[in-house]
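Contents: one structure, followed by commentary.
Below, chains carry the letters A, B, ... as their sequence lines are ordered, and counting in each starts from 1. These numbers were taken from a predicted model, which means no experiment stands behind them.
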Amino acid sequence: MRNKILEPLTESQREAVTHVEGPLLVVAGPGSGKTRVITHRIAYLLDLGVPPQHILGITFTNKAANEMAERVGRLVPRHGVWLGTFHKFCVRVLRRYGERIGVDPNFVIYDTKDRTDLIRSVMEDLRIDRASLDPRRVESIISRAKNENCMPKAFAKRADNDLVARIYERYQERLLELGALDFDDLLLQTARLLSDDEEVRAALDQHFAFIMVDEYQDTNAVQYQIVRLLSRDVPNLCVTGDPDQSIYGWRGANIRNILRFEKDYPSCRIVRLEENFRSTSSILEVADRLIANNTLRKEKRLRSTRPPGAPVRLRAFETELEEAAAIAQEIRQQVRSGQRSYADFAIFCRVSALTRTLENALRHAGVPYQILSGVAFYERAEIKDVLAYLRLLINPRDDLSFQRAIKSPPRGVGDTTLQRLAQVARAHGLGLLEAIPLLLDSGQVRGKAATSLKRFGELVGEWQKEVDGPVAPLIRRVIVESGYASWVEGTDRGQDRLENIEELITAAQQFDVESDSGGLAQFIAESALATDLDRWDQDGSTVSVMTLHAAKGLEFPVVYIFGLEDGILPHARCVDSLEQLEEERRLLFVGITRAQEELHLSYARSRAFRGAFALTHPSRFLPELGIAVEELEQEMDRAAWMDRSAARSRGPALPSVGRRRASGRGRQVVSGSSSNGCEFQVGTWVRHPKHGVGRVTQVADAGEFVKVTVRFDKAGTRSFLAPMAPLTPLD
DNA sequence: TGCCGGACGTAAGTT
DNA sequence: ACGTCCGGCA
């Protein structure tokens with residue numbers, strides 16, 4: 001048995017695996033077998049006779065947790081070790097001990113959308129105009145505060161934003177009233193529990209004698225504190241991570257947590273895994289050159305164990321359409337010729353908004369794909385609607401869910417009725433659902449609204465009797481009896497939406513079968529914590545499309561990264577500070593190091609944005625890769641590219657001065673404009689069907705097209721590519 | 001009173 | 001190209 005665990009390991013991997021007592025830091029470069037180390041170490045501990053319940057494995061994503069559970073299972077069947085995300089772990093702790101710090105054990109979890117809704121409603125209550133203070137900004141400030149372990153009181157003392165402090169305070173009060181925790185609270189309340197309740201802390205510290213934390217470079221202040229509090233008396237803490245792959249600074253991750261591990265645990269052992277078994281040396285060299293440009297970094301070399309393989313390609317396209325089409329066609333060809341299967345390919349981009357064009361191209365080329373975008377499956381409207389009903393059954397005070405459920409399907413209860421209901425509820429300190437009888441008795445509501453409300457209350461009462469039974473039949477009952485199913489069927493994409501609900505029911509069936517599942521509350525909690533990525537099927541015969549963030553931890557034989565343009569990668573919001581810029585560089589580094597055999601990078605010189613075309617600049621990271629850019633038509637101006645990158649590194653962006661080719665390839669849209677440009681000149685008055693009359697302020701060469709900038713009275717200044725723009729000259 | 005369609009403003013990443 | 005808001009209609 002022990003041989004099976006230790007044999008396949010390298011020297012340093014074995015060193016990490018066989019380290020048992022005391023703190024251990026594994027600094028693991030990409031593709032260095034980090035997951036293998038963790039899973040084999042768990043197996044090793046089990047083999048030594050450590051009871052599985054004393055081992056705790058914490059990851060950031062469900063996917064990572066599942067993969068680990070599965071791989072440990074291959075070494076030790078039915079191992080019984082708890083492996084899960086930080087958030088899941090916190091849910092578990094809070095359900096059991098949360099009451100000691102005033103957390104309702106039946107709490108519901110509010111996701112980002114619920115949070116948005118609640119913050120908006122709080123701002124309404126406080127009569128804060130949305131125009132004067134953007135709710136989205138408020139959200140991110142509050143979330144940031146929570147990730148820094150800063151509660152409303154402490155936040156108010158910082159006092160740089162009075163208004164936000166008031167919203168924050170009220171928001172927390174509302175969550176408490178509603179019996180809800182948002183994502184950040186799961187961590188925050190757990191940290192509070194562990195630091196305020198020594199009895200619980202000590203018990204859990206003892207209980208989880210062996211703790212392993214993956215991706216430690218991505219821990220935030222609260223997660224850091226939780227880990228610290230659980231490894232004080234029994235510090236058998238093993239963390240793994242790679243500072244070069246820290247990409248979650250924007251949500252409060254603190255790269256210093258991993259950098260100071262040695263100081264936190266002076267007796268710790270450090271093992272470095274620097275051999276890369278994943279990528280060809282060509283790919284690795286590119287990654288290495290790129291990341292060497294980060295200044296806030298400990299020097300580290302990646303050692304390749306593989307031959308050079310195919311060179312990394314970097315291509316420039318005129319438009320995003322060509323870029324997408326080229327990727328789709330290439331993949332199709334490689335599969336058709338039998339060299340590859342679709343599952344070998346992954347396509348990454350910085351922002352999920354970029355996938356639309358790509359999707360079209362893939363569909364057009366008949367390439368099967370799965371998108372793993374930011375929009376989680378469980379955030380789809382229909383899923384949220386159904387979950388709102390379920391949440392209401394568990395927690396009748398959950399007004400947010402009530403409001404959602406009562407409106408879908410529309411049943412004749414509108415804002416006016418709801419406002420009256422809210423008044424009554426507030427007067428009696430009840431939830432909206434609970435206040436229905438009072439409102440009806442008061443006689444304030446009559447007619448359809450009254451009967452609908454009454455019926456709704458009765459139905460919920462009926463369903464509540466079933467909450468301890470299996471989940472799947474309950475869902476089915478709810479969607480039929482509420483009229484939701486028949487209503488949704490008649491809406492836009494009704495069939496699709498119904499299918500999504502079916503998928504939820506399938507998940508519920510699965511959940512029902514698992515013996516130790518914790519009932520409806522647990523199902524809802526897991527749904528809130530589930531992501532798109534969890535539904536991902538790597539063995540399926542499809543190309544995978546995802547963001548660079550989502551790609552972390554994965555690997556593919558062939559990787560495409562597209563949209564490598566300034567403003568996209570690095571993202572426009574990240575170019576102002578060196579720290580953020582370097583995080584963007586790490587993001588590209590993560591993407592590059594996912595590739596095993598082939599890596600294709602590309603950018604487009606123009607891209608549709610907000611419905612209009614705009615010119616782009618190549619990413620400032622591209623010159624750092626040390627590879628030449630290929631033009632769509634070979635030997636075309638390498639010089640122009642060099643100029644541009646030189647200009648880039650010198651300073652602020654210069655207007656892109658491209659060349660104009662005599663003929664476009666496979667483009668139908670070019671027409672109407674004469675060879676020397678177009679009919680627009682600076683000063684020309686033009687009419688736009690939507691924006692009305694405006695005046696041309698700028699005419700610039702844009703590769704093959706001409707960019708026309710027009711100032712409109714109302715719409716302000718906008719740019720168009722001349723041949724496509726619906727502009728009519730007025731002269 | 002509630003619902004629907006056009007106008008308007010707006011867009012990072014994830015648990 | 002998209003969701004959200006407001007005003008008019010049922």
Review point. Is the ring of A:Tyr248 stacked on the base of B:dG13, with centres less than 5.5 Å apart and planes under 30° off?
Key: no
Check your understanding: To the nearest angstrom, how far is A:Asp134 atom CG from B:dG9 atom P?
Key -> 14 Å
Check your understanding: Stepwise, does the side chain to side chain contact (heavy atoms under 4.5 Å, CB included) test hold for A:Val590 with A:Leu548?
Key -> CA-CA 7 Å; A:Val590 166; A:Leu548 286 165; over 6 Å; no
Point to revise | Aromatic ring proximity, centroids under 6.0 angstrom, A:Phe89 and A:Phe208 | key: yes
Exercise for review: Consider the side chain of A:Thr417, meaning its heavy atoms from C-beta on, and name the nucleotide among B:dT1, B:dT15, B:dG13 that approaches it most closely.
Suggested key: B:dT1
Practice item. Considering just the side-chain nitrogens and oxygens of A:Thr112, establish if one lies under 4.0 Å of OP1 or OP2 belonging to B:dT14. Key: no
Check your understanding: What is the nucleic acid contact for A:Arg356, judged by heavy atoms within less than 4.0 Å: base, sugar-phosphate only, or nothing?
Key -> sugar-phosphate
Practice item. Round to the nearest Å and state the distance from A:Glu124 atom CD to C:dT4 atom C1'. Key: 13 Å
Review point. Should the pair A:Arg95 and A:Phe107 be classed as cation-pi, given the thresholds of under 6.0 Å to the six-membered ring centre and 45° from the axis?
Key: yes
**Study point:** Face-to-face contact A:His549 to B:dA12 six-ring, under 5.5 Å, under 30°
**Key:** no
Point to revise | Given DNA chain B, 5'-ward residue of the pair A:Thr416 and A:Asn62, judged by closest heavy atom | key: A:Thr416
**Study point:** Salt-bridge contact A:Arg350-A:Glu584 (side-chain N to carboxylate O under 4.0 Å)
**Key:** yes
Check your understanding: Does the pair A:Arg251/A:Asp218 count as a salt bridge with the N-to-O cut at 4.0 Å?
Key -> no
**Study point:** Whole-Å distance separating the NE2 atom of A:His571 from the P atom of B:dG13
**Key:** 7 Å
Practice item. Assign A:Arg136 to base, sugar-phosphate, or nothing according to its heavy-atom contacts below 4.0 angstrom with the strands shown. Key: sugar-phosphate
Practice item. Using the side-chain contact (heavy atoms from CB on, under 4.5 Å) rule, pick out the option among A:Leu439, A:Leu440, A:Leu438 that qualifies with A:Ile436. Key: A:Leu440
Check your understanding: Looking at DNA chain B, which of residues 573-592 of chain A put a heavy atom within less than 4.0 Å of it?
Key -> A:Arg573, A:Cys574
Study note, to complete from the structure: With the side chain defined as heavy atoms from C-beta on, A:Ala449 is closest, among B:dG13, C:dC2, B:dG2, to B:dG2
Exercise for review: Mind calculating the distance between CD1 (A:Ile406) and P (B:dC3) to the nearest angstrom?
Suggested key: 11 Å
Check your understanding: What distance, rounded to whole Å, do you find between the two P atoms, one in C:dT4 and one in B:dG13?
Key -> 16 Å
Check your understanding: Centroid-to-centroid, A:His549 to A:Tyr248, below 6.0 Å?
Key -> yes
Exercise for review: Using a 4.0 Å heavy-atom cut-off across all strands, classify A:Phe60 as base, sugar-phosphate, or nothing.
Suggested key: sugar-phosphate
Point to revise | Integer-rounded Å distance: B:dG13 P and A:Leu354 CG | key: 9 Å
Exercise for review: Tell me which of A:Arg420 and A:Thr61 sits closer to the 5' end of DNA chain B, going by the nucleotide each one is nearest to.
Suggested key: A:Arg420
Exercise for review: Take atom CD of A:Glu139 and atom C1' of B:dA12, then tell me their distance rounded to the nearest Å.
Suggested key: 14 Å
Exercise for review: Please find out if less than 6.0 Å separates the ring center of A:Phe183 from that of A:Phe86.
Suggested key: no
Point to revise | Rounded interatomic separation in angstrom, taking CG from A:Leu569 and C1' from B:dA12 | key: 11 Å
Exercise for review: Starting at atom CE of A:Met123, determine the distance to atom C1' of C:dT4, rounded to an integer number of angstrom.
Suggested key: 15 Å
